[in-house]
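Read through the structure below, which is laid out as structure tokens, and then see the notes.
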Amino acid sequence: MKASQFYIKTTREAPAEAETISHQYLARAGFIQQIAAGIFSIMPLGQRSLEKIRTIIREEMNAAGALEVTMPVVQPRSIWEESGRAETYVPPLANFRDRREREMVLAPTHEETVSMMGRYGITSYRDMPLNLYQIQTKFRDETRSRGGLLRVREFEMKDAYSFDADEEGLDASYQAMAQAYHNIFSRCGLNAVMVEADAGSIGGKDSAEFVLLADSGEDTILICDSDDCGYGANLEKAEFIKSLNPREVKAEVEKFATPGIKTIEALAEAEGVPTSKTGKVVFYTIDDEVYVVVIRGDYEVNETKVRNMMGGSEPRLATPEEVAAAGFPAGSASAVGIPSERVIADDSAVENPNLLAGANEDGYHLRNINYGRDWNSDHIGDIASAVDGQRCSRCSDGCLKQHRGIEVGHIFKLRTVYSDAMDVKYNDADGNLRPVLMGCYGIGTGRLLAAAVEANHDDRGMTLPRSIAPFEVVIVAVNIHNNDQVRDLSESLATQLEAKGVATLLDDRAEAPGAKFADADLIGIPVRVVVSPRSIQNGGVEIKHRLADPKNSTIHAFDDAIGAILNTLES
RNA sequence: CGGGGAGUGGCGCAGUGGAAGCGCGCCUGCUUUGGGAGCAGGAGGUCGCGGGUUCGACCCCCGCCUCCCCGACCA
């Protein structure tokens with residue numbers, strides 16, 4: 001491909017709104033163009049990289065036995081009513097009416113349509129396992145866009161859906177996808193870690209996400225630092241071992257005045273004890289009921305864990321008005337005297353004796369509060385968020401280390417959430433009608449590209465691996481327009497490389513050499529070959545890997561050039 | 001959807017109540033050709049939109065739209 005016939009428009013400066021490295025480089029190199037908030041066009045260079053990513057994904061999905069399909073982006077709202085998600089998935093659903101006034105949605109994900117596809121043909125356990133996937137556009141209206149391609153509203157996703165007759169089958173499908181994902185990310189040059197995750201609003205149970213560790217990511221994950229443990233989970237899911245305060249004989253409750261003390265930290269300091277000796281309270285509204293959530297003072301409430309414990313309804317912090325309306329005291333609160341069905345308690349608050357807590361009277365607190373004697377709860381469990389440095393729940397000696405990361409893939413066991421709602425059933429070997437067990441598996445292709453840039457760049461530009469770089473070799477033809485030798489040799493090299501299947505860009509533009517070098521570095525083409533009057537005088541062409549020092553190239557005679565280029569490409 | 005910022009040629013930015021400029025990029029010609037070349041000459045902007053104040057608004061006032069960042073949610 002000749003650069004003069006391609007579409008290469010690079011800029012020295014990134015758009016002002018580009019903050020992340022990947023956004024800056026993808027924009028400067030002309031891979032992407034922003035059209036609206038979270039909506040991008042992909043330009044020819046970006047298209048080539050994305051297509052290579054798609055090809056890798058297709059190869060791995062096909063190898064895992066999945067079958068490619070295409071499902072519609074525009075869907076009738078009625079099928080979302082059938083699954084029940086028209087009500088629960090409200091914010092991200094973009095609605096419109098067609099010209100016959102039928103209510104339509106832009107699909108944010110495709111469980112409904114794939115369930116219909118499964119329902120169409122799956123009638124027997126003999127029809128499974130089945131795995132259907134597509135690479136298709138999604139639109140989520142309420143997700144806030146951020147970081148260029150890292151998070152957008154319209155995005156392309158590879159989404160796969162498995163159908164199995166039993167748990168063993170589902171597990172095998174899930175494991176096959178996990179392996180395929182490892183292969184995909186590895187081939188794209190990403191060292192993604194698989195961590196346990198919460199299933200979120202998609203529904204279902206077991207799930208894991210694949211995360212590229214990067215400070216620009218918005219995902220918080222915790223990974224055990226023990227070499228042979230391997231436990232990792234995202235913040236919503238991570239479990240840890242809570243410390244236990246020393247056992248003490250239950251002491252008598254004492255009420256005491258604490259004028260002006262509003263925080264747990266201030267209370268602990270005033271009493272000269274650690275915050276782990278306190279029980280703090282947060283009010284949450286769940287399904288229009290206000291609950292008192294109790295947790296030991298040194299931990300924070302994890303709303304996802306609360307949601308899961310309370311049956312899946314989203315908790316949100318209660319407003320002062322709601323707290324007052326529920327008849328709960330606003331200041332210096334505690335669970336003492338609150339009906340147990342309205343108390344949600346972390347086990348840390350239950351298991352530790354003689355805690356400091358509010359007196360449910362402004363300006364007063366209580367010493368020596370004990371669960372069972374002074375307060376009760378019908379909802380006890382782990383609702384605490386893990387933080388850096390806590391003990392790993394899976395091994396005896398590890399500590400959890402907190403990281404930021406970019407979520408590039410997510411796999412779920414949906415089980416029967418959608419097969420029940422959408423009536424996807426089969427006959428088992430005994431003739432019983434059973435719901436199909438489903439799984440779903442997603443990879444954002446654009447985000448994968450952005451993540452690859454986040455993981456592969458330097459101060460000159462992108463350093464994408466050969467597997468996803470838009471071109472593998474760039475031939476910088478210096479002075480090509482007034483030097484026939486340069487022109488003939490560079491074109492000959494390009495032709496030979498193309499014949500060997502190497503994606504080659506011949507930079508024949510009438511740009512200054514420096515501009516061509518800068519563009520080659522910015523775009524991040526793995527191998528650079530220079531053909532110039534000087535290189536010819538020196539006996540051939542110069543070959544350099546993108547990651548090598550800019551000045552550090554080697555001269556090769558023309559007869560050896562192709563071999564040397566291929567060798568450099570392999571390195 | 002809450003909180004904060006910003007909208008001026010393609011991109012990055014300056015600017016004043018008398019109404020528009022710089023750098024990069026673009027076009028033409030000549031000269032150049034190893035890390036984003038030089039000279040000369042050009043093209044390109046209803047200053048986000050609507051209303052108001054004023055003799056006069058890019059500037060002041062009001063409303064709206066859009067974009068970005070932080071938070072809640074996700075691939």
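Computed from a predicted model, the values in this text were never measured in an experiment. Chain identifiers are assigned alphabetically (A, B, ...) following the order of the sequence lines, protein sequences preceding nucleic acid strands; residue numbering begins at 1 within each chain.
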Nearest to the side chain of [X] - [options]?
X        : options             : result
A:Arg528 : B:G35, B:U33, B:C69 : B:G35
A:Glu511 : B:C26, B:U33, B:C73 : B:C26
A:Asn479 : B:U33, B:C67, B:C73 : B:U33

Note to self: With a cut-off of less than 4.0 Å, is there a side-chain N or O of A:Arg146 near OP1 or OP2 of B:C70?
What the structure shows: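 For B:C70, OP1/OP2 do have a side-chain N/O of A:Arg146 under 4.0 Å.
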Notebook entry, point to check: What string of B, S and - do you get for nucleotides 7-13 of chain B, 5' to 3', if B is base contact, S is sugar-phosphate-only contact and - is no contact with any protein heavy atom under 4.0 Å?
Noted result: ----SSS
Next item on the list: Return the residues of residues 55-71 of chain A meeting this criterion: a heavy atom under 4.0 Å from some atom of RNA chain B. Order them by number, or give none.
Entry: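 The stretch gives none, as no residue of it lies under 4.0 Å from the strand.
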Note to self: Any carboxylate oxygen within less than 4.0 angstrom of a Lys/Arg side-chain nitrogen, looking at A:Glu154 and A:Lys138?
What the structure shows: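 Result for this pair is no, no salt bridge flagged.
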Next item on the list: Over 60° means perpendicular and under 30° means parallel, so classify the ring planes of A:Phe471 and A:Phe6, tilted if in between.
Entry: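 Taking A:Phe471 first and then A:Phe6, their aromatic rings stand perpendicular (interplane angle over 60°).
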Margin query: Could you check whether A:Arg528 makes a cation-pi contact with A:Phe517, meaning its NZ or CZ is under 6.0 Å from the centre of the six-membered ring and within 45° of the ring axis?
Written below: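 Relative to the ring axis of A:Phe517, which defines the angle, A:Arg528 lies inside both limits.
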Note to self: Identify the stems formed by RNA chain B, where each pair is Watson-Crick or G-U wobble with both distances under 3.5 angstrom and a stem is at least 3 consecutive pairs.
What the structure shows: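 Paired runs of 3+ in RNA chain B: B:1-7 with B:65-71, B:10-13 with B:21-24, B:26-31 with B:37-42, B:48-52 with B:60-64.
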Check: Within the structure shown, what part of the strands sits under 4.0 Å from A:Asn482 by heavy-atom distance: base, sugar-phosphate, or nothing?
Finding: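 The answer is base, as A:Asn482 lies within the cut-off (heavy atoms under 4.0 Å) of a base atom.
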Next item on the list: Assess whether one donor atom and one acceptor atom, taken from the side chain of A:Arg144 and the base of B:C69, lie less than 3.5 Å apart.
Entry: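 A donor-acceptor contact between them is absent.
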